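A, B, ... follow the sequence lines: proteins, then strands. Residue 1 opens every chain. Bear in mind the structure is a predicted one, so any value in this text is a computation, not a measurement.
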Number of protein chains: 2
Amino acid sequence: MTDQKLLFENLVSELRRGSLILSVLALLRQPQYGYSLISGLEAFGIAIEAGTLYPLLRRLEKQGLLSSEWAIDQVRPRRYYVLNELGKQTLTHLSDEWQRMNKAMDQLIQAPSSEQGG
Amino acid sequence: MTDQKLLFENLVSELRRGSLILSVLALLRQPQYGYSLISGLEAFGIAIEAGTLYPLLRRLEKQGLLSSEWAIDQVRPRRYYVLNELGKQTLTHLSDEWQRMNKAMDQLIQAPSSEQGG
DNA sequence: TTATTATACTGTGCGTCACACATTAATATC
DNA sequence: GATATTAATGTGTGACGCACAGTATAATAA
């Protein structure tokens with residue numbers, strides 16, 4: 001891979017970074033286990049590494065946004081995560097913030113350069 | 001500040017993080033100096049710390065997306081930054097990626113929870 | 001004379017992502 | 001029956017980048 005491609009990949013990583021948590025929270029309105037989250041997000045075109053997701057889930061649980069439990073009555077043992085009350089509130093707040101940022105970014109990107117600066 | 005507020009601020013930071021570079025690049029289609037970027041972004045509702053911006057500008061220049069020069073013929077010496085060719089291309093690519101992510105996030109957030117999982 | 005605004009910069013700490021790795025078992029393939 | 005792939009969950013380390021708290025200077029405004 002060329003330097004420029006590496007640079008661009010890096011910038012995209014950084015861009016994606018912020019939205020990771022929000023997308024995970026959004027999916028977790030319904031109970032999900034790690035592996036299903038990965039494929040679920042991928043179906044939406046959002047890539048997340050297992051080594052990123054699992055620590056993230058633990059962190060979010062530690063911060064009190066999720067609760068989790070093992071389901072052993074399935075083909076394979078799975079640990080299900082789901083939003084709790086604080087998690088739902090946080091999702092709402094973060095969504096609002098996202099929408100807000102979104103409008104700002106749209107204006108910024110689509111604003112003709114000539115109207116900037118000055 | 002309460003723990004929960006701190007937590008939320010932290011999550012918002014993380015959310016904002018990805019879009020910082022994109023918004024800076026977008027403004028830099030026109031020559032800008034650091035301080036004008038800060039106020040310019042603030043006018044769009046995007047907060048960025050001076051201690052975040054200046055290292056970012058230097059990094060982007062080092063990565064070959066910007067060029068900069070001092071303007072000493074003004075009331076105060078200012079260092080102007082502007083996108084170069086690679087920077088413009090990068091901005092285009094990142095914007096596309098942003099739009100893509102955006103659609104995905106919209107679907108994720110607005111999708112009724114009942115259609116998820118399973 | 002003091003406070004505020006304008007302007008640029010640095011150093012350090014902390015949080016978080018990505019990558020590589022480890023582990024186990026159910027399927028699918030040969 | 002042996003081998004590969006998929007399903008599933010984790011850990012440890014490195015590197016990167018933001019935020020915060022500073023430093024510094026000078027032009028304005030009070």
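Smallest separation of non-hydrogen atoms from B:L27 and B:G40: CD1-C, 4.1 Å. In this structure, A:I109 and B:R29 approach most closely via the heavy-atom pair O-NH1, 3.1 Å. Heavy atoms only, all atoms of each residue included: B:F44 and A:A104 are closest at O-CB, 3.2 Å. Between B:L108 and A:S23, the closest heavy-atom pair is CD1-CB, 3.5 Å. Closest approach of B:N84 to B:G87, counting heavy atoms only: OD1-N, 2.9 Å. Listed here is the closest heavy atom pair of A:L15 and B:M101: O-CE, 3.9 Å.
Look at CD1 on A:I38: it is 13 Å from P on C:dC19, rounded to the nearest Å. Rounded to whole Å, the distance from CG on A:L57 to P on C:dC17 is 11 Å. The OH atom of A:Y35 sits 15 Å away from the C1' atom of C:dT23 (whole-angstrom rounding). We find that CG of B:L37 is positioned 12 Å from P of C:dT7, with the value rounded to whole Å. Straight-line distance from the CD1 atom of A:I72 to the P atom of C:dT24: 19 Å, rounded to whole Å.
DNA chain D is contacted by A:N10, A:E14 of residues 7-25 of chain A, taking any non-hydrogen atom closer than 4.0 Å. Using a 4.0 Å cut-off on heavy atoms, the residues of residues 47-55 of chain B that approach DNA chain D are B:E49, B:G51, B:T52, listed by number.
A distance-only check finds a donor-acceptor pair linking the side chain of A:T90 to the backbone of A:L86 [under 3.5 Å].
Residue A:Y80 is out of contact with every strand shown, counting any heavy-atom pair closer than 4.0 Å. Nucleic acid contact for A:R78: sugar-phosphate only, since backbone atoms but no base atoms lie under 4.0 Å from a heavy atom of the residue.
Phosphate proximity of C:dC9 to B:R79: present, with a side-chain N or O under 4.0 Å from OP1 or OP2.
Within the 4.5 Å cutoff, the side chain of A:L94 has heavy atoms near those of the B:F8 side chain. In this structure, B:L53 and B:Y35 have side chains that are not in contact, with every pair of non-hydrogen atoms separated by 4.5 Å or more.
Between B:E97 and B:R100, at least one side-chain N (NZ, or NE/NH1/NH2) sits under 4.0 Å from a carboxylate O, which counts as a salt bridge. Ion pairing between A:R79 and A:E69 fails under the 4.0 Å rule for side-chain N and carboxylate O.
Using a 4.0 Å cutoff to heavy atoms of chain A, the contacted part of DNA chain D runs 5' to 3' from D:dA7 to D:dG17.
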